[in-house]
Amino acid sequence: MPASPAIDICDLRVDYGDFMAVNDLTLQVPAGEVFGLVGPNGAGKTSTFRVLTTLMEPTYGEVRLAGIDIAEEPEAARRVLGYMPDLAPVPSDLKLWEFLDLFADAHGLGDAATRRSRIDECLHEVDLMPQREKFCKTLSRGQTQRLVLAKTLLHRPSVLILDEPASGMDPLSRRNLRLVLRRLAEQGATVFVSSHILSELAEMCTSLCVMNKGKLLASGTVDEVRRVLGRAERVVQVGLLDREQEAGEWLRTRAGVSEAVVSRRCVRFHFTGSEEEQADLLGGLIAEKFRVTSFEEQRSTFEDILVEVAEGNQKGAQA
Amino acid sequence: MSGGTTCPAWKFWANPIFHRYRRSRLRPQALFTSVLIIVLLSGFLFFIIRTASMYRGNMLPADAERTPLLALLALQGFILFFMGVGQSVGGIISEADEGVIDYQRLQPMSPLAKVIGFWLGLPVREWTMFASTLPFTVWGLWQGQVPFRAWASVYAVLISSALMYHVTAMTAGTVIKNRRAATLSSMFVMAMLYTVMPQVAKAGLIFFDYLTLWPVLNENIQHFLPRDVGTAAKLMNMLNPQVKFYGLAFDNIVFTFICQGGIMLTFATMVWRRWRQAESHLLGKAWAAGLFAWMQVLLLGNALPLIESGMIFPSVSLRSRFGGLYDDKINPTLAEGIAMTGLYGLVSLLLLLVLTFLITPSQDTQWRGLRRAKKLALPRVPRLSDAASSLPFVAMMTLIAAAAWTVFAQAMMGSRWFPGHPLPAHTSLVFLLVLANAALAFQAVLEGWGGKRLFLCILFAGIVPVLMGFVLGTAGDRFLPLAVWLNAVSPAYGPLAAPTVLVPGTGLPLAVSRAVPLSFAFFQGALLLLTSWLMWRLRCIHRERKQLS
């Protein structure tokens, strides 16, 4: 019997007057996944997150977090939940450790010494230990995001919901965030994350889903989503030391390759195969003794898909 | 995952939200400045008044020690009532402004624990400032030989009043989004409570007086004054030492706690509901109906015993305070009795409209409820849910109000003061018509067309005609009938006019006394037709929405 999903959304609908923000969304996120939620503005991401975090009552629909029905037992659901909102705010009148202690205390994380030790652990994790005694209002945007991430991790939640967690973070902090999220997933936590930086999301997530106008368009691995949305092709550029004409000819004979264009020491082509097939393609080039200097996807065509979706929305609205 | 346990709601000293504010609002530097100012101010008041009484007024030491007590009490009231209220309302709004209120919603604490944490935590500096004035007060009470019962009663009510105002301010903070507007409106309500409400209380609605410190302070005032002045105050208080509530007699302090406890419970429930679910109505439908019935019981219970004694009438009450108590010739006029009956109806109507506003679902909420019911295959939206129509409950409250108003009017007109002016048998029907016309039209417009349309209706049908009527009436006596007709357009005029129509002979000018019943009958008839049409339209709208959902 398969284990119950960590996040189980069934027939979720959210309305604002006549506007339907989320339309009968059904989605399961297995435990231990880093699951991405992607969609243009107005897709229904934030409404979905607000319902998942018990901040908003849906028009109807059932949501279970780690098996807990959030409508029936909101307090129990809040114990297993860690939420980091978009543009994560912090109170201006508290020091960093005081801010974290408020939540550690509310979650009943033991006596003052135990809480202090856990707070320090989380501050270390997000690299804010030197600022421990500073006021929250003195932090930069990226530091504030990291502090709220520390708050989210404090009670070791089994379900994390992160709305644009990397916004405002510098590259180092982003890398750390990815590492933290991966480690949490390895430890069994489920991370549901939204981001507009799609390449980053693809790197961070084990699977994702795409929403538009309140509807779920596709869900699965990045490849599966590409396939479902009918845009499996991507542009690949191969750098070569020599024999680029021959390499171009060879590539044109491969399945999934189209529009191969040869230029100086480089072949650029469209590819519609899976990631495994893409790896095999690189292996084939090397096996054919082509001296490959680089092999890269030039643009995230996944991003193009979303741009097309967003543009479609705009055209629809104008029409 | 966190496996810890959180503190129970009653253990406020272990409440994380209370701790959060204890930390941020009691930082030594800011606290030191505040406390220093208050200690200097209270010390100055204490010493200047005491020294002046002792050396300039040549009072006995025990009398002189009492003299600063009222000034200190006023300062303490200012700190707890005004500053505490400002902080309670402002603190909640800044949490919302900064966006951190969502974090608090997500804390795995019970909604009650959250309410208590904010309630006691937000004004924690004001409580500390209050505490810093106490050494002077304690000295005055001790050396002035103020009896324990007197000061304990006054300070118990001071604290319960402060708690009530703070929870009221928190409610305002959760409803009004603009920080300045919320702070100013809370302080305005405070000022009204201590200035306007006592005047309303003098007109028989003495329930409102018990939301303040006045009744208990007046009862014990002699102990806070030098003994010779206090004796006179004591004599005044002996005139009405206990609260009459129907056939029962309560101590002022007990009745104050009953009134304030009910209000505190209601406001705490409002905040609790908002913590539990951000979009929910401030009050549930059944709670609102129960609260309305309870308020009518309190209003009637206070007012009825005062009718026979005559103390309900401002003329009698005022003259008795100035020595005319034993003058048997003091009789209230019929006009006074009719005006007070009208005032009772108007206050009941206003309370009814406020509660109707709180429990009537917005269009958004109605859509959600209908869609949810459809999805769950329910025959209708559950009657007690926020999304259900408020009509049955508004109708129920209207019946309660009409019944209470009739009881009040019959007690008033059947009293020994107005022989030969009985109320006709159809009084209750007229009262019901007046209240139902206003309340049901209000409910139908709000539920069917929304708050903006309702606001316009109130403005142009409820307020503008009355203002125009006032202007015309002031212009000259010949315009008075026209002014009466204009006033009658407003549904709020109905409760004031109804007793005048039912009990003729109030001594109004002939033209006015002709215009009042005619305009009343005409516009109540028109309102009845309009309300019936609105109800029918609302029914159609409900049906359409059900089909479209």
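The shown structure was predicted, so the numbers you read here are calculated from the model rather than taken from an experiment. Both backbone and side-chain heavy atoms feed into the values below; hydrogens, waters and symmetry mates do not. Each chain gets a letter, A, B and so on, in the order the sequences are listed, and its residues count up from 1.
Using a 4.0 Å cut-off between charged side-chain N and carboxylate O, A:Glu62 and B:Lys375 make no salt bridge. A salt bridge is defined here as a Lys NZ or Arg NE, NH1 or NH2 lying under 4.0 Å from an Asp or Glu carboxylate O, and B:Asp386 with B:Arg273 meets this definition. Checked for salt-bridge contact, A:Asp163 and A:Lys45 miss the test: no charged N lies under 4.0 Å from a carboxylate O.
Once rounded to the nearest 0.5 Å, the distance linking NZ of A:Lys213 with CZ of A:Phe19 reads 9.5 Å. In this structure, the separation between CZ on A:Phe192 and SG on A:Cys205 is 9.5 Å, given to the nearest 0.5 Å.
Heavy atoms of B:Glu279 lying under 4.5 Å from chain A belong exclusively to its side chain. Proximity to chain B is limited to the backbone of A:Val90, based on heavy atoms less than 4.5 angstrom apart. At a 4.5 Å heavy-atom cutoff, the contact between A:Phe135 and chain B is made by side-chain atoms alone. Contacts between B:Arg27 and chain A at a heavy-atom distance below 4.5 Å involve the side chain alone, from C-beta outward. Residue A:Pro74: no heavy atom, backbone or side chain, is found under 4.5 Å from chain B. For B:Ala14, the part lying under 4.5 angstrom from a heavy atom of chain A is the backbone only. Contact annotation for A:Lys95: both backbone and side-chain heavy atoms come within less than 4.5 Å of a heavy atom of chain B. The parts of B:Gln107 that come within reach of chain A are both its backbone and its side chain, each placing non-hydrogen atoms under 4.5 angstrom from that chain.
In this structure, B:Tyr103 and A:Pro85 have side chains that are in contact, with non-hydrogen atoms separated by less than 4.5 Å. At a threshold of 4.5 Å between non-hydrogen side-chain atoms, the residues A:Trp97 and A:Arg116 do not count as touching.
In terms of heavy-atom pairs under 4.5 Å with chain B, the best-connected choice from A:Thr54, A:Asp101, A:Leu81 is A:Asp101. Most heavy-atom pairs under 4.5 Å with chain A, from the set B:Asn15, B:Leu548, B:Asp102, B:Ile17: that is B:Asp102. Among the candidates B:Gln104, B:Arg105, B:Gln363, B:Gln277, the residue making the largest number of heavy-atom pairs closer than 4.5 Å to chain A is B:Gln277. If you tally non-hydrogen atom pairs under 4.5 Å between each of B:Val100, B:Asp364, B:Leu106 and chain A, the highest count goes to B:Leu106.
Panel note: side chain A:Arg118, backbone A:Leu154; a donor-acceptor pair is recorded below 3.5 Å.
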